[in-house]
Amino acid sequence: MAVIRPTPLRGWRFVLLNGVVGLANVVALSNVPGYTILAPYAAANLQGVTPSFGTWATTDHMIGLCLGFPIARWLAARFGDYRVYVATLVVYAIFSVFCAISDTIWSFVPMRILLGLAGGIILPVGQAVLLGEYPPEKRTLGVGIWGVLSMMPFTIGVFMGGFWAEYFGWRALFYSNVVVALVVAAVTGSLVYGRRIKRRISRFDGVGFSLLAIVLFATQTIFNQGNDFDWFESPVVTGALVVVIVALPCFFIWEFGERHPAIDVRLLFYRNFTIATVCSVAGFLVIQGLLSVFIGQLQLLLGYSSSLAGLVYISMIILSVPLVAIIHELCRKFDVRLIACLDFLGFALILMWIGHFDKRDYFDQIALPMTFFGLSLAAFFTPLAVLAMHGVPGARLIRAAEELTLLRTATGAFGITLMGVVQFRRTPFHQLDLADHFGGRRFASLDLLSQFSERLQASGFSANMARAQLGSFIRQESSLLALNDAFLLGAFVFVVLAAFVWLGQSTVIPAKPVERLREAEAEEMMEQG
């Protein structure tokens with residue numbers, strides 16, 4: 001194959017490629033938080049389904065996103081990274097059109113899954129295309145820039161989703177995807193057209209991939225529908241549980257015997273990888289779940305417009321971007337267990353801060369803790385990735401990074417529904433507690449509900465109207481307290497993770513020669529086993 005441009009891009013072409021690939025990265029990732037903020041709009045427009053049904057489009061999209069990673073690896077090796085990247089961007093635009101024209105939840109969710117699958121191919125392949133243009137001595141800079149771009153969806157992406165929903169309609173978000181994807185595909189294809197590709201043809205683990213997809217979608221179906229259909233009283237939820245119980249052990253048995261597995265489960269034998277994976281998936285479950293639940297409740301419970309709710313999240317960018325730019329250097333000089341521990345404790349303090357709100361706070365009272373939330377979020381991903389890579393053989397580093405991202409993304413989808421379940425389950429508890437406390441059942445002398453009802457009736461309310469108004473106040477306050485419980489639960493999880501991360505091995509202190517020999521022997525045994 002002829003090589004038209006044998007050397008890496010330089011000058012304005014290099015800058016342009018960074019810009020368009022970074023834009024595609026932001027768009028692909030923003031479809032998770034960006035859609036979350038407009039979920040109430042979409043739910044009302046998709047035949048008036050409940051907001052909990054609307055979240056299916058977010059959670060299933062994330063499952064599709066993580067399933068795209070193993071497909072991306074196989075396609076890029078077989079056809080070349082830039083070819084797969086350009087073609088997938090075109091496919092992404094097509095699925096965005098189908099999402100925009102869907103009129104029912106049953107047609108919308110499948111298109112969101114396929115859109116997520118395309119996005120899961122775009123992200124790793126786009127990173128490979130971009131980093132391939134950096135000289136080796138500046139590869140760390142490229143990783144840092146990619147890290148900054150990866151933070152944008154949690155900040156700018158949320159605001160843009162809310163802005164589009166409020167002023168142009170939620171379907172306009174997907175039409176904008178079409179324009180961006182096609183422009184990026186055209187620019188990238190023209191810049192890198194004719195590059196030499198090195199084909200590495202290997203067998204795709206179709207059985208392992210199918211079992212993985214079955215397990216993830218069945219688990220997500222349990223979480224999605226359990227709360228709305230009374231969990232295992234529903235035959236669909238019960239059937240999904242049976243599928244998970246049967247498919248999960250089959251998946252592990254198959255992957256242990258596969259030479260080229262979809263998921264290399266043997267990586268769990270490496271201590272630091274396992275510790276980092278547990279911390280990453282548990283932490284991201286809390287982070288993604290709380291961010292998604294909170295942004296919905298800002299609109300449904302506190303009365304924020306979608307654009308104003310997006311402004312709460314855009315405040316996270318103030319401290320997050322500067323830290324992301326330097327976190328890679330910090331991880332080189334310090335033990336990442338210390339960095340991760342301090343970050344987890346910071347998360348715990350911030351979640352406790354947010355979890356003690358008990359009234360409809362002003363914008364600045366919510367935006368301030370969210371600013372510091374962005375600081376902790378910026379320091380979350382890189383230290384755990386470095387910890388996971390430490391001790392893993394060089395030939396497996398790419399697989400380890402890919403699988404860490406896959407598992408983290410999947411548990412993020414689980415977290416969206418699980419944190420919603422926490423709030424749903426805690427709301428009746430607080431309703432009863434508030435009614436007992438202020439209704440004189442706990443202290444006979446404290447019957448504020450009766451006093452307030454009498455004042456409402458004196459101002460012209462009927463007895464039924466006064467009772468309905470009191471019930472509305474109690475439901476709103478109990479929902480807010482239940483949301484606080486979700487944040488406090490998240491704080492507890494991060495305190496546990498702050499201690500758990502120290503079970504990993506240090507990334508700074510070198511191992512003794514004897515210990516290195518034992519590690520090499522253990523790795524060889526793992527390979528043979």
Inset, instruction - With side-chain contact (heavy atoms from CB on, under 4.5 Å) as the test, would you mind laying out the steps for W56 and W106 before giving the verdict? - result: CA-CA 10 Å; W56 295 0; W106 310 112; 3.7 Å; yes
What do you reckon, is [atom1] of [X] surrounded by more than 12 foreign heavy atoms closer than 6.0 Å?
{"X": "W231", "atom1": "CH2", "result": "yes"}
{"X": "F424", "atom1": "CZ", "result": "no"}
{"X": "F232", "atom1": "CZ", "result": "yes"}
{"X": "F372", "atom1": "CZ", "result": "no"}
{"X": "F229", "atom1": "CZ", "result": "yes"}
{"X": "F98", "atom1": "CZ", "result": "no"}

Quick check: do [X] and [Y] have side-chain heavy atoms less than 4.5 Å from each other?
{"X": "E403", "Y": "F69", "answer": "no"}
{"X": "F494", "Y": "L349", "answer": "no"}
{"X": "P70", "Y": "I263", "answer": "no"}
{"X": "R426", "Y": "N484", "answer": "no"}
{"X": "I416", "Y": "M62", "answer": "yes"}
{"X": "F487", "Y": "W353", "answer": "no"}
{"X": "M111", "Y": "L115", "answer": "no"}
{"X": "Y175", "Y": "S96", "answer": "no"}

Minimum heavy-atom separation for [X] to [Y], with atom names?
{"X": "T59", "Y": "Q220", "answer": "CB-NE2, 3.4 Å"}
{"X": "G68", "Y": "I121", "answer": "O-CG1, 3.6 Å"}
{"X": "L351", "Y": "A491", "answer": "CD1-N, 3.6 Å"}
{"X": "S280", "Y": "R408", "answer": "OG-CD, 3.2 Å"}
{"X": "V243", "Y": "A218", "answer": "CG1-CB, 4.1 Å"}
{"X": "A181", "Y": "Y92", "answer": "CB-CD2, 4.2 Å"}

Inset, instruction - Could you tell me which residues satisfy side-chain contact (heavy atoms from CB on, under 4.5 Å) with L248, sequence neighbours excluded, listed by chain and number? - result: V215, F252
Rounded to the nearest 0.5 Å, what's the gap from [atom1] on [X] to [atom2] on [Y]? Could you check?
{"X": "I63", "Y": "T409", "atom1": "CD1", "atom2": "OG1", "result": "9.0 Å"}
{"X": "D60", "Y": "L117", "atom1": "CG", "atom2": "CG", "result": "12.5 Å"}
{"X": "T221", "Y": "L216", "atom1": "OG1", "atom2": "CG", "result": "10.5 Å"}
{"X": "T58", "Y": "L65", "atom1": "OG1", "atom2": "CG", "result": "12.0 Å"}
{"X": "L503", "Y": "R271", "atom1": "CG", "atom2": "CZ", "result": "7.0 Å"}
{"X": "F344", "Y": "I339", "atom1": "CZ", "atom2": "CD1", "result": "11.5 Å"}

Legend entry - T277 side chain to T274 side chain, donor-acceptor N/O pair below 3.5 angstrom: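 Per modelled atom types, T277 and T274 side chains form no pair under 3.5 Å.
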Inset, instruction - Check whether the side chains of S292 and Q288 place a donor and an acceptor atom closer than 3.5 Å, and report yes or no. - result: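 Yes - a donor-acceptor pair under 3.5 Å links their side chains.
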Donor-acceptor pair, distance only, cut-off 3.5 Å: does the side chain of [X] make one with the backbone of [Y]?
{"X": "T104", "Y": "S107", "result": "yes"}
{"X": "R171", "Y": "S102", "result": "yes"}
{"X": "H356", "Y": "M352", "result": "yes"}
{"X": "H61", "Y": "I113", "result": "no"}
{"X": "R112", "Y": "C99", "result": "no"}

Inset, instruction - Step through it carefully: locate the ring centre of F373, locate the ring centre of F347, and say whether they are under 6.0 Å apart. - result: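 Yes.
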Inset, instruction - May I ask you to check whether F95 and F174 place their ring centers less than 6.0 Å from one another? - result: no
Inset, instruction - Report the C-alpha distance between L377 and M316 in whole Å, list the side-chain angles of each, state the deciding distance to 0.1 Å, and finish with yes or no for side-chain contact (heavy atoms from CB on, under 4.5 Å). - result: CA-CA 9 Å; L377 184 62; M316 294 165 56; 3.6 Å; yes
Inset, instruction - I would like to know whether M370 and L291 meet side-chain contact (heavy atoms from CB on, under 4.5 Å); could you show each step before the answer? - result: CA-CA 10 Å; M370 292 301 293; L291 287 177; 3.9 Å; yes
Inset, instruction - Could you please spell out the steps behind the side-chain contact (heavy atoms from CB on, under 4.5 Å) verdict for R425 and N227? - result: CA-CA 9 Å; R425 292 294 181 178; N227 216 38; 3.8 Å; yes
